[in-house]
Undergrad: 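What follows is a single structure, and I will ask about it in a moment.
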Amino acid sequence: MRLIALTLSTALLAACTSHTPTQPNAKGVAQFAGDARLGEEVNKVCFASTIDGFHDATDDTVVLSKGRDDYLIETFGGCFNLDQAQRLAVDSTTGCLGKGDHIITSDSISGHSDTGFGVQRCTIKAMYKWDAKAEAPAETEESQ
């Protein structure tokens, strides 16, 4: 029971981490132009039912993790609480996540929302490999 609680606590803390886009006025994947962590676009991500966690959410992007693999998921506009999500699930038509599938977010752990947005269904626009070990632009500036 302690292991489950610890795992849940870790996932929740990871979900709360903030992310400062490299280009504040840019939207979607354009926020990460020149970011060494951003990899090539992929057509499908085949761990849709076993995601370990998520982090670095903005209003239209989120990084999904499974083991050592991370993917930046870009959604179409109108995903109001993605950057404040406390819980996240995926809804795919197959065992793999692809364009047109959905990310389901909730800004509440308990299922009750104070923001009025509650549960949101966000449509996936694009997916990219993400290398969390690569140096982020802010880290590069600080080291110089």
Side-chain angles (χ1 to χ4, degrees), residues 2-110 113-115 117-144:
R2 283 184 152 184
L3 180 59
I4 293 170
L6 178 61
T7 303
L8 181 58
S9 298
T10 303
L12 292 174
L13 288 174
C16 293
T17 59
S18 63
H19 169 71
T20 304
T22 57
Q23 296 181 10
N25 296 329
K27 294 289 183 186
V29 74
Q31 300 171 78
F32 304 98
D35 192 323
R37 299 172 296 174
L38 183 64
E40 65 187 45
E41 186 173 1
V42 296
N43 292 323
K44 61 183 176 177
V45 176
C46 289
F47 61 75
S49 64
T50 57
I51 293 173
D52 289 338
F54 64 99
H55 53 92
D56 291 328
T58 68
D59 60 351
D60 54 7
T61 63
V62 64
V63 177
L64 301 181
S65 300
K66 169 62 177 158
R68 296 181 187 176
D69 298 324
D70 289 329
Y71 294 90
L72 178 74
I73 308 298
E74 179 180 20
T75 63
F76 286 102
C79 193
F80 302 109
N81 69 346
L82 183 58
D83 60 340
Q84 298 173 14
Q86 297 296 311
R87 295 187 306 170
L88 186 138
V90 296
D91 182 16
S92 64
T93 55
T94 66
C96 298
L97 197 60
K99 293 178 185 178
D101 287 333
H102 299 93
I103 295 174
I104 301 167
T105 69
S106 174
D107 60 0
S108 171
I109 296 171
S110 67
S113 174
D114 293 331
T115 64
F117 291 118
V119 175
Q120 295 290 309
R121 188 175 176 87
C122 309
T123 305
I124 296 173
K125 181 177 182 180
M127 300 173 297
Y128 300 85
K129 289 184 179 179
W130 185 258
D131 182 1
K133 293 180 181 177
E135 201 167 313
E139 293 168 354
T140 303
E141 292 170 7
E142 290 174 4
S143 64
Q144 292 179 353

Undergrad: Would you name the heavy atoms of G98 and M127 that are closest together and state the gap between them?
TA: CA-CE, 3.6 Å
Undergrad: Could you grab the distance from atom CD of Q31 to atom CG of L38, nearest 0.5 Å is fine?
TA: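 Output value for this atom pair is 11.0 Å.
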Undergrad: Can you name the closest pair of heavy atoms from T50 and K66 and give their distance?
TA: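 Scanning both residues, the minimum pair turns out to be O-CD, 2.8 Å.
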Undergrad: Which atom names give the shortest non-hydrogen contact between S92 and L97, and what distance separates them?
TA: CB-CD1, 4.1 Å
Undergrad: Can you give me the closest heavy-atom contact between E74 and V29, atom names plus distance?
TA: OE2-N, 3.2 Å
Undergrad: D59 side chain to D83 main-chain N or O, any donor-acceptor pair under 3.5 Å?
TA: no
Undergrad: I'd like to check the salt bridge (charged side-chain N to carboxylate O under 4.0 Å, His left out) partners of D91; sequence neighbours left out, ordered by chain and number.
TA: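 Counting only residues at least two positions away or on another chain, D91 forms a salt bridge (charged side-chain N to carboxylate O under 4.0 Å, His left out) with R121.
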Undergrad: Would you indicate whether the side-chain heavy atoms of Y128 and E40 approach each other to under 4.5 Å?
TA: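 No; the side chains remain at least 4.5 Å from each other.
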Undergrad: At what distance, to the nearest 0.5 angstrom, does CZ of F54 lie from CD of Q86?
TA: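 It comes to 7.0 Å.
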Undergrad: A side-chain contact here means heavy atoms from C-beta on lying under 4.5 Å apart; do L82 and D60 qualify?
TA: no
Undergrad: Please name all residues satisfying salt bridge (charged side-chain N to carboxylate O under 4.0 Å, His left out) with K99, sequence neighbours left out, ordered by chain then number.
TA: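 K99 satisfies salt bridge (charged side-chain N to carboxylate O under 4.0 Å, His left out) with E41 once adjacent residues are dropped.
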Undergrad: Show the nearest heavy-atom pair for residues R37 and D56, with the distance to one decimal.
TA: NH1-OD2, 4.2 Å
Undergrad: Ignoring hydrogens and geometry, is there a side-chain-to-backbone donor-acceptor pair from Q84 to D107 under 3.5 Å?
TA: no
Undergrad: If the condition is side chain to side chain contact (heavy atoms under 4.5 Å, CB included), which residues does A132 pass it with, not counting sequence neighbours?
TA: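 With sequence neighbours excluded, A132 shows a side chain to side chain contact (heavy atoms under 4.5 Å, CB included) to D70, W130, given in chain and number order.
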Undergrad: Shortest non-hydrogen contact from S65 to I51?
TA: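 Closest approach of S65 to I51, heavy atoms only: O-CG2, 3.4 Å.
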Undergrad: Report the C-alpha separation of H102 and T123 in whole Å, then their side-chain angles, then the decisive distance to 0.1 Å, and conclude whether the side-chain contact (heavy atoms from CB on, under 4.5 Å) test is met.
TA: CA-CA 5 Å; H102 299 93; T123 305; 3.3 Å; yes
Undergrad: Roughly how far, to the nearest 0.5 Å, is the CD1 atom of I73 from the CG atom of L64?
TA: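 So the gap between those two atoms works out to 4.5 Å.
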Undergrad: Could you measure the distance from the CD1 atom of I103 to the CD atom of Q120? Nearest 0.5 Å is fine.
TA: 12.5 Å
